[in-house]
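A short worksheet on the structure shown next.
The figures here come from the full heavy-atom set of this structure, side chains too, leaving out hydrogens, waters and symmetry mates.
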Amino acid sequence: MSNAMQWLSNLLAVPWATRPFTAMMHGHATIIVMHRFADPDRGIEGVAPRALRRALQFLRRERYPVVSLERVFQSLAGETPPIDRAVAFTMDDGTIDQATVAAPIFAEFDCPATIFVTTGYLDGALWCWWHRVEHVFETTRRRELSVMVAGLRHVVRLDDGAPRAQHARRFMERCKRVPETEKLRAIERLATAAEVELPARPPARYAPMSWDDVRACEARGITFGPHTVTHPVLSRTSDAQSKHEIHVSWARLRAEARRPVPIFCYPNGHVGTDFGPRECATLRRLGFLGAVTNWPDDYATADGFQSSPDAPFSVPRIDFGEDHRSLIRSVSGVLRTKQVLARQLALRRAIAPVVPGPMLDGSQDEAEGPSASLLE
């Protein structure tokens, strides 16, 4: 990106410069998803407390309505008035740092948030499968690993210069594409090949919050929703397991939390691959208000929510982002403007793929140049 374009890109992350985009957020709610929060004492890497405070300060200063997830869903369903520019925060899994680092900061700014908990993790029956993969790759002394995954050999050379975290992510992605039972067996084979003994309880950096932590967080204004029992990709499970993961996680949460929220969060949560009509039907029968996804990044709207019987069970979220500028672009309308322009460009290409000319909004097609990068 040229210096001029970099300057323009940086400008579009300055609050006053984003205000002209406010109209783009009419009727749109931003549901933010977050995961880990930095806690050096436990060896946890993630969003720094300072970054979260800065984000909440910005939202309060710019008068964004920061509301509960349940309030957003009620608005989307038409049960309460719409809230323009609404922002709701969510966190997934139920790790200890969400209770000890994030919850006090949300309370400090009187900002509601919803944490989706994996109930078997909080019960102490397991630790998250991707944490086990990370632990194996970080602690093995082997230089090469050879592991069978769904009949295919996965060979990893740990001395090839790539970060071990990158190798771990590749293995995780392969695991997400196989049946749940095979995924768990593959992780066991990985630990064996790596000569790493996985402890029954997770190390401190991977520890869950407790049910007492859940109730303490509720007293601070945090709400909780179910995120399955064991965190499988539900589309990779049997009918019986899919039903069990939803039913039992909701039952456990209702038994432990004072006021659980009837909104579900799909593990992994990619639309079209990680859940389907089977899960939507189960949630509907249980009386859930809906469910949230993880991908693709998009905004929640009443039109989308009410577009079909299954639409409330596929409500999109947007990642918190890598830095403060990412958050500003997401909530201000800059990111949505970029999405609209990208859709117009895709439509134009579908209609006249080789004929240059103005886009539907009157701008020029410069997808490989400034127009594609301006809103980055």
Just wondering, more than 12 heavy atoms not from K243 lying within 6.0 Å of its NZ?
no
Do E45 and R36 pass the salt bridge (Lys or Arg N to Asp or Glu O under 4.0 Å) test, and can you show the C-alpha distance, the side-chain angles, and the key distance before you say yes or no?
CA-CA 7 Å; E45 297 180 355; R36 304 308 304 268; over 6 Å; no
Check the angle between the aromatic planes of Y206 and H135 and answer parallel, tilted or perpendicular using the 30° and 60° thresholds.
perpendicular
Should we say atom CZ of R157 is surrounded by more than 12 heavy atoms from elsewhere, each under 6.0 Å from it?
no
A quick test of your reading: do over 12 heavy atoms of other residues, nucleotides or ligands sit less than 6.0 Å from CZ of R61?
yes
Is there a donor in the side chain of D239 and an acceptor in the side chain of S242, or the other way round, less than 3.5 Å apart?
no
Determine whether the aromatic ring centres of residues F58 and H324 are separated by less than 6.0 angstrom.
yes
Who clusters with V233? Use side-chain heavy atoms, under 4.5 angstrom, across I, L, V, M, F, W and Y, and order the result by chain and number.
none
Write down the atom of E173, the atom of R177, and the distance for their closest heavy-atom approach.
O-NH1, 3.3 Å
Can you find a side-chain donor-acceptor pair between D93 and H227 that sits under 3.5 Å?
yes
Cluster overlap L145 with W129, hydrophobic side-chain contacts below 4.5 Å:
yes
Less than 3.5 Å apart, any donor N or O on the side chain of H167 or D160 sitting next to an acceptor on the other?
yes
With hydrophobic residues grouped by side-chain heavy-atom distances under 4.5 Å, do Y121 and V136 end up in a single group?
yes
Pairs in or reaching into residues 70-79: which pass salt bridge (charged side-chain N to carboxylate O under 4.0 Å, His left out), with residues at least two apart or in two chains?
E70-R259
Minimal non-hydrogen separation, T140 against A194, with atom names
OG1-O, 2.7 Å
Considering residues, nucleotides and ligands other than E108, do more than 12 of their heavy atoms fall under 6.0 Å from its CD?
yes
Can you get from V117 to L283 by hopping between Ile, Leu, Val, Met, Phe, Trp and Tyr side chains that sit under 4.5 Å apart?
yes
For residues F264 and W250, establish whether the separation of their ring centroids is below 6.0 Å.
no
Indicate the atoms forming the closest heavy-atom contact of R63 with R85, along with that distance.
O-NH1, 3.5 Å
Any donor-acceptor N or O pair under 3.5 Å, side chains D123, W211:
yes
Examine the side chains of E218 and T223 and answer whether a donor and an acceptor come within less than 3.5 Å of each other.
no
Counting neighbours of CZ on R254 that are heavy atoms of other residues, nucleotides or ligands and sit closer than 6.0 Å, is the number greater than 12?
no
With salt bridge (charged side-chain N to carboxylate O under 4.0 Å, His left out) as the rule and sequence neighbours excluded, what pairs involving residues 297-318 come up?
D92-R317, R284-D310, D298-R343
Aromatic contact between F106 and F89, with the criterion being ring centroids under 6.0 Å apart: yes or no?
yes
